[in-house]
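These figures come from a predicted structure and were not determined experimentally.
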Amino acid sequence: AGAKDDTFNVLDQAEYTKNRPWWRKIFAPNSGSSAEKYNVATQLVIGGVTGWCTGFIFQKVGKLAATAVGGGFFLLQIANHTGYIKVDWNLVQRDVNKAKQQLKFHSSGNKMPPEVKSKADEVIIFLKKNVILTGGFAGGFLLGMAS
């Protein structure tokens, strides 16, 4: 019988992916902005649903965090009032003043570190490329916070 000639092409993945951004490695070679891939209604629905979920979770976690901080402060005040703990208010005032001085020192430069600036630029570029998706997300987020 005839023998098959099994020849295969070898693709070196390390070389192929070396100079590609990580999101292109994950989502596919042609994963541009969502404006290129989806119509307006789909972008609004995706943005709205993810925004609503994020807003709803953000609201619940925010309430939980506020309750924990407020409850902890309330318990500390009760413990201080009943004499279980003593607060050195002079030390607290000194530390607050030191923190204020450090904030004034760091905010006087008004310059962003380059790594923060580059990440902010990436976010702005993403938002400009995906305006409809971003708008849907913002609307959904506000609805999620309100529900």
Side-chain angles (χ1 to χ4, degrees), residues 8-147:
F8 299 101
N9 292 332
V10 177
L11 176 63
D12 186 5
Q13 290 292 324
E15 288 298 319
Y16 179 72
T17 60
K18 187 181 283 182
N19 294 323
R20 299 178 65 78
W22 65 268
W23 60 87
R24 296 227 190 254
K25 294 175 197 172
I26 294 173
F27 294 115
N30 60 354
S31 65
S33 70
S34 63
E36 298 169 356
K37 295 194 304 188
Y38 302 109
N39 63 22
V40 173
T42 304
Q43 290 180 57
L44 282 174
V45 168
I46 291 171
V49 168
T50 56
W52 183 85
C53 292
T54 304
F56 186 77
I57 291 170
F58 192 80
Q59 175 201 29
K60 296 300 180 186
V61 169
K63 283 182 181 179
L64 180 67
T67 302
V69 170
F73 182 72
F74 182 68
L75 289 175
L76 283 175
Q77 288 292 49
I78 289 174
N80 183 33
H81 183 70
T82 56
Y84 284 108
I85 61 172
K86 294 284 183 191
V87 177
D88 186 358
W89 290 108
N90 292 328
L91 181 62
V92 171
Q93 187 64 35
R94 189 184 74 206
D95 289 344
V96 167
N97 288 335
K98 188 188 301 184
K100 284 181 186 177
Q101 292 299 322
Q102 288 179 351
L103 285 174
K104 286 180 186 176
F105 175 73
H106 289 299
S107 64
S108 63
N110 286 335
K111 289 191 176 184
M112 263 194 280
E115 56 272 358
V116 173
K117 185 168 177 25
S118 70
K119 292 297 178 190
D121 290 342
E122 283 183 37
V123 169
I124 290 170
I125 289 169
F126 175 81
L127 294 178
K128 285 181 181 178
K129 284 185 177 180
N130 300 293
V131 172
I132 297 170
L133 184 75
T134 304
F137 181 86
F141 182 81
L142 293 174
L143 285 174
M145 288 291 288
S147 62

Pair up each side-chain donor or acceptor in residues 69-93 with any protein partner under 3.5 Å, not counting sequence neighbours, and list the distances.
residue: Thr82; atom: OG1; partner: Ile78; partner atom: O; Å: 2.9
residue: Thr82; atom: OG1; partner: Ala79; partner atom: O; Å: 3.3
residue: Asp88; atom: OD1; partner: Asn90; partner atom: N; Å: 3.4
residue: Gln93; atom: NE2; partner: Asn97; partner atom: OD1; Å: 3.4

Expected list for residues 47-61: side-chain donor-acceptor pairs under 3.5 angstrom, two or more places apart:
residue: Thr50; atom: OG1; partner: Ile46; partner atom: O; Å: 2.9
residue: Thr50; atom: OG1; partner: Gly47; partner atom: O; Å: 3.2
residue: Trp52; atom: NE1; partner: Ser147; partner atom: OG; Å: 3.4
residue: Thr54; atom: OG1; partner: Thr50; partner atom: O; Å: 2.8
residue: Gln59; atom: NE2; partner: Met145; partner atom: O; Å: 3.3
residue: Gln59; atom: NE2; partner: Ser147; partner atom: O; Å: 3.0

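Residues passing the ring pair (Phe, Tyr, Trp, His ring centres under 6.0 Å) test with Phe126: none are found, sequence neighbours excluded.
Smallest separation of non-hydrogen atoms from Ile132 and Gln43: CB-OE1, 3.6 Å.
Residues Asp121 and Ser118 have side chains that never bring a donor and an acceptor to within less than 3.5 angstrom of each other.
No side-chain donor-acceptor contact under 3.5 Å links Asn130 to the backbone of Leu133.
Sorted by first then second residue, the side-chain hydrogen bond (donor to acceptor under 3.5 Å, both in side chains) pairs that include residues 65-74, not counting sequence neighbours, number zero. Pairs of residues two or more places apart, or lying in two chains, never qualify as side-chain hydrogen bond (donor to acceptor under 3.5 Å, both in side chains) while including a residue from residues 134-146.
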